[in-house]
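What follows is a single structure, written as structure tokens, with notes after it.
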Amino acid sequence: MTHRPLVHKTAMPGLGLSAGITIAMLSIVVLLPIGALLLKGANFGLSNILEVVTRERVAASLYLSFKLALLAALFNLIFGVLLAWVLVRYRFPGKRFLDAAVDLPFALPTAVAGIALTALYAPNGAFGSVAQEIGWKIAYTQMGIFIALVFVGLPFVTRTVQPVIEEIDREVEEASATLGASRLYTLRHVILPMLMPAALTGFALALARAVGEYGSVIFIAGNIPLRTEIAPLLIVIQLEEFNYDAAAAIGIAMLVISFVMLLAINLIQIVSRRRMGHV
């Protein structure tokens, strides 16, 4: 009976060193902080964690954070794929400027982004004043939070999907049209299956960024308890009040919910890749 080795060696040298560095950095950056959070929660007790999480203010902030993060990620999934398609397939004046502007949320500090969005969408801002004339209020509402989360998450989808679109040969679309397929059929059955794994990866990244976003949201949210207060802000409030156990409880709740959502996305990715024959 043959046993498969745990590690498959390659012709490239440095396996042990690179693996050691990778595991060490992963432990320092990811595993140790999460372990410390879980240890703090274990000392606090499951019953106490549930008591904190089920408080009206905490439950409302968690619901608001994940609801708007999911909606923003879904919006970015659709609009980000469309934007990536336009940037790859079409030529137009200002294309390079638009392509560079996609990366702006990566380079811009989140606090600066929050201040800029608030200035634009406040009742006396350039866009906010127009919205107010038709009876809409954007800043200091959930709509303002949604816009901020869309702003910070859009590049993740666009930049993830863009290289995949560049690899799709136009001859594939032409062959589909030659065989009598309509544009809608080609889009649904030829193009979208190719884009789905990358699009889901971008969606997961945008969702993860939106869930934990803080700097760009607190300025435009208004931070009204039970209405526009996000969970990360509530964690900061608990830390400022030296209530570390409650902060850890909220953090664990966010960790568990995020893990379940990302696990579901990964399962969908696996199914999508199997249909494409990649795994």
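Residue numbers start at 1 and run along the sequence shown.
Ring geometry for Phe75 versus Phe79: interplanar angle under 30°, hence parallel rather than tilted (30 to 60°).
In this structure, Thr160 contributes its side chain and Thr201 its backbone to no donor-acceptor pair below 3.5 Å. Between the Glu56 side chain and the Ala59 main chain, no donor and acceptor come within less than 3.5 Å of each other. Judged by distance alone, with hydrogens and angles left aside, the side-chain atoms of Asn43 form a donor-acceptor pair with the main-chain N or O of Leu39 at under 3.5 Å. Although no hydrogens or angles enter the test, the distance criterion places no donor-acceptor pair under 3.5 Å between the side chain of Lys40 and the main chain of Asp245.
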Exercise for the section: Decide yes or no on side chain to side chain contact (heavy atoms under 4.5 Å, CB included) for Trp136 and Thr141, but give the supporting numbers first. Expected result: CA-CA 10 Å; Trp136 292 358; Thr141 65; over 6 Å; no

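One finds the CZ atom of Arg55 at 11.5 Å from the OG atom of Ser61 (value rounded to the nearest 0.5 Å). A distance of 6.5 Å separates CZ of Phe66 from CE of Met261, quoted to the nearest 0.5 Å.
The two residues Ala253 and Leu62 come nearest to each other via the heavy atoms CB-CD1, 4.0 Å.
Hydrophobic clustering (ILVMFWY, side-chain heavy atoms < 4.5 Å, transitive): Ile224 and Ile218 are in distinct clusters. Hydrophobic cluster membership differs between Phe156 and Leu207, with clusters built from Ile, Leu, Val, Met, Phe, Trp and Tyr side chains linked at under 4.5 angstrom.
For the residue pair Thr54 / Glu51, no side-chain donor-acceptor distance below 3.5 Å is found, with atom types taken as modelled.
Checked against Leu154 for a side chain to side chain contact (heavy atoms under 4.5 Å, CB included), the options Leu83, Leu104, Val102, Leu149 give a single hit: Leu83.
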